[in-house]
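These notes are about the structure you will find just below.
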Protein chains: 2
Amino acid sequence: MFSKSCEYGLRAVIFIAQQSIEKNKVNISTISEEINSPQAFTAKILQQLTRNNIVKSVKGPHGGFTVEEHKMDIRLSEVVSVLDGDSIYKGCGLGLKQCDANSPCPLHYKFIEIRDNLKNMLENTSLKSVINDMYLEEIILKR
Amino acid sequence: MFSKSCEYGLRAVIFIAQQSIEKNKVNISTISEEINSPQAFTAKILQQLTRNNIVKSVKGPHGGFTVEEHKMDIRLSEVVSVLDGDSIYKGCGLGLKQCDANSPCPLHYKFIEIRDNLKNMLENTSLKSVINDMYLEEIILKR
DNA sequence: CATAAAAAGGATAATAAGGTCTTTTAATCT
DNA sequence: AGATTAAAAGACCTTATTATCCTTTTTATG
């Protein structure tokens, strides 16, 4: 469904956000340990998320990554579109370049439903709400 | 959503099935032309579908590919699982190896809904029904 | 100001996905 | 039987994704 980059990215953002709520900055080595991802690769992904103002990074001693308070209600869709673009929402299920109501592929209307579903879920799910859910149940980001 | 192999495979099967209803065998060069896919690669994919008894192949002059009548009600899910396996249905949205009701990822329940949706669509859509739909509206497999 | 901690950036390596080409096998038609 | 046509099979190549390594830059602190 998502690329590895996007999977790691989502996990990382969720972890960082959770820690930010507890007032902790976290560095890459902690992050990659806690979400079980390759460290250098994760660093690359966080660079992208930093450039796109989804996470904030601070260099130097006691530096690390945070999600600022006013960013807590960004949607998962924003993370996904930074890392994977919008092909999941827009692309044709059968891979046709041109596929819309005017010249639909045989599965066009069936796919629209599923993609809209995914789109709505990602657009309606804020970082904050994910973190809240995590406090309700024992929820893990490793393994 | 699907791999290229799976996209080409689905398009190919749909095209072959449609032609089979009109009593035509079709060869790879026609198929790849009509569904706009790389010929040699499409041949590879059709080999897999042949080995898995989804399409039937006949070698030699006037040979080609067909979908036999009793195969017309196989589901799209069967094609997808031959070409892409079942990770779309089973895999965790965040890429965790272990993720289920016992140790769910933060998005587990949200993803279940979407994957079930996709699963149901593919399991309830037969080749025959796709072809029928294609006769109702002007539907294309190219571009 | 020197040092250490941390992210940023560039270069490269490994693996997987996507795609091509050539040879082999099988069916059909003179 | 021999020529021809078409798929099957396997070897090979290319590109994109995933992943690592190493150097540079930034910055907090003793």
Side-chain angles (χ1 to χ4, degrees), chain A residues 1-13 16 19 24-33 35-67 80 82-85 87-88 91 94-95 97, chain B residues 1-13 15-16 19-20 24-33 35-67 80 82-85 87-88 91 94-95 97:
Chain A
M1 178 154 283
F2 301 129
S3 68
K4 280 283 164 206
S5 297
C6 193
E7 289 175 357
Y8 297 147
L10 284 167
R11 272 147 67 189
V13 170
I16 297 167
Q19 292 299 308
N24 301 325
K25 264 194 214 88
V26 277
N27 61 27
I28 327 178
S29 87
T30 307
I31 295 168
S32 62
E33 236 168 69
I35 69 171
N36 199 38
S37 68
Q39 175 170 331
F41 191 45
T42 308
K44 284 279 133 89
I45 294 161
L46 286 174
Q47 275 178 41
Q48 285 184 73
L49 294 176
T50 303
R51 279 197 289 266
N52 286 274
N53 292 311
I54 287 173
V55 300
K56 196 192 161 195
S57 76
V58 176
K59 287 184 178 180
H62 306 120
F65 293 90
T66 53
V67 170
V80 171
V82 164
L83 297 172
D84 274 4
S87 65
I88 307 182
L94 296 183
K97 268 161 209 156
Chain B
M1 180 154 281
F2 301 128
S3 68
K4 281 283 165 205
S5 297
C6 194
E7 288 175 357
Y8 296 147
L10 284 167
R11 270 148 68 189
V13 170
F15 175 70
I16 298 167
Q19 292 299 306
S20 292
N24 301 324
K25 264 194 214 88
V26 276
N27 61 29
I28 327 179
S29 85
T30 306
I31 294 168
S32 62
E33 237 169 69
I35 69 170
N36 199 38
S37 67
Q39 176 169 332
F41 191 44
T42 308
K44 276 278 136 80
I45 295 162
L46 286 172
Q47 275 177 43
Q48 287 185 70
L49 295 175
T50 304
R51 278 197 290 268
N52 285 276
N53 292 312
I54 287 173
V55 300
K56 199 193 159 195
S57 76
V58 177
K59 288 183 181 182
H62 306 121
F65 295 88
T66 54
V67 171
V80 171
V82 164
L83 298 172
D84 274 2
S87 64
I88 305 183
L94 296 183
K97 269 160 205 154

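A note on names: the letters A, B, ... follow the listed sequences, proteins ahead of strands, and every chain is numbered from 1. When reading the values below, keep in mind they use all heavy atoms of this one structure, side chains included, and skip hydrogens, waters and symmetry mates.
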[X] [atom1] to [N] [atom2], straight-line distance once rounded to whole Å:
{"X": "A:Lys44", "N": "D:dT20", "atom1": "NZ", "atom2": "C1'", "value": "9 Å"}
{"X": "A:Lys25", "N": "D:dT27", "atom1": "NZ", "atom2": "P", "value": "13 Å"}
{"X": "A:Arg11", "N": "D:dT18", "atom1": "CZ", "atom2": "P", "value": "13 Å"}
{"X": "A:Phe41", "N": "D:dA16", "atom1": "CZ", "atom2": "P", "value": "16 Å"}
{"X": "B:Asn27", "N": "C:dT28", "atom1": "CG", "atom2": "C1'", "value": "15 Å"}
{"X": "B:Ile28", "N": "C:dT20", "atom1": "CD1", "atom2": "P", "value": "13 Å"}
{"X": "A:Ile16", "N": "C:dA7", "atom1": "CD1", "atom2": "C1'", "value": "12 Å"}
{"X": "A:Lys4", "N": "D:dT18", "atom1": "NZ", "atom2": "C1'", "value": "10 Å"}

At their closest point, which heavy atom of [X] faces which heavy atom of [Y], and how far apart are they?
{"X": "B:Val26", "Y": "B:Gln19", "value": "CG1-CG, 3.9 Å"}
{"X": "B:Asp84", "Y": "B:Cys6", "value": "OD2-CB, 3.3 Å"}
{"X": "A:Phe65", "Y": "A:Ile31", "value": "CD1-CD1, 3.8 Å"}

**Message:** Would you say that B:Ile88 contacts B:Phe2 through its side chain, given a criterion of any heavy-atom pair below 4.5 Å between the two side chains?
**Reply:**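 Yes, their side chains come closer than 4.5 Å.
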
**Side-chain touch A:Thr66/A:Val58, heavy atoms, less than 4.5 angstrom** =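 No, every pair of side-chain atoms sits at 4.5 Å or beyond.
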
**Prompt:** For B:Thr42 and A:Phe65, take the nucleotide of DNA chain C holding the closest heavy atom to each; which residue's nucleotide lies nearer the 5' end?
**Reply:**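 In this pair, the answer is A:Phe65.
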
**Request:** Name the nucleic acid region contacted by A:Leu46, choosing base, sugar-phosphate or nothing; use a 4.0 angstrom heavy-atom cut-off, strictly under.
**Result:**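 No contact.
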
**Message:** Mind checking if B:Ser3 touches a base, just sugar-phosphate, or nothing, with heavy atoms under 4.0 Å?
**Reply:**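 Here B:Ser3 touches the backbone only, sparing every base.
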
**Prompt:** Does A:Tyr8 put a side-chain nitrogen or oxygen below 4.0 Å from OP1 or OP2 of D:dA19?
**Reply:**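 Yes, within the criterion.
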
**Request:** Give a yes/no on whether any side-chain N or O of A:His62 is located under 4.0 angstrom from OP1 or OP2 of D:dT27.
**Result:**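 Indeed not, no polar side-chain atom of A:His62 lies that close.
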
**Asked** Who pairs with B:Lys4 by salt bridge (Lys or Arg N to Asp or Glu O under 4.0 Å), at least two apart in sequence or on another chain?
**Response**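 Expected list: B:Glu7.
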
**Item:** For DNA chain C, the residues among residues 47-61 of chain A that have a non-hydrogen atom under 4.0 Å from it
**Value:**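 Going residue by residue through residues 47-61 of chain A, the ones with a heavy atom under 4.0 Å of DNA chain C turn out to be A:Gln47, A:Thr50, A:Arg51, A:Ser57, A:Val58, A:Lys59, A:Gly60, A:Pro61.
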
**Item:** B:Gly64 vs A:Gln39, nearer the 5' end of DNA chain D by closest nucleotide
**Value:**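 It is B:Gly64, whose closest nucleotide lies nearer the 5' terminus.
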
Contacts under 3.5 angstrom, residues 39-54 of chain A side chains, donor-acceptor by atom type, not counting sequence neighbours:
residue	atom	partner	partner atom	Å
A:Thr42	OG1	A:Ser37	OG	2.6
A:Thr42	OG1	A:Pro38	O	2.5
A:Thr50	OG1	A:Leu46	O	2.7
A:Asn52	ND2	A:Gln48	O	2.8

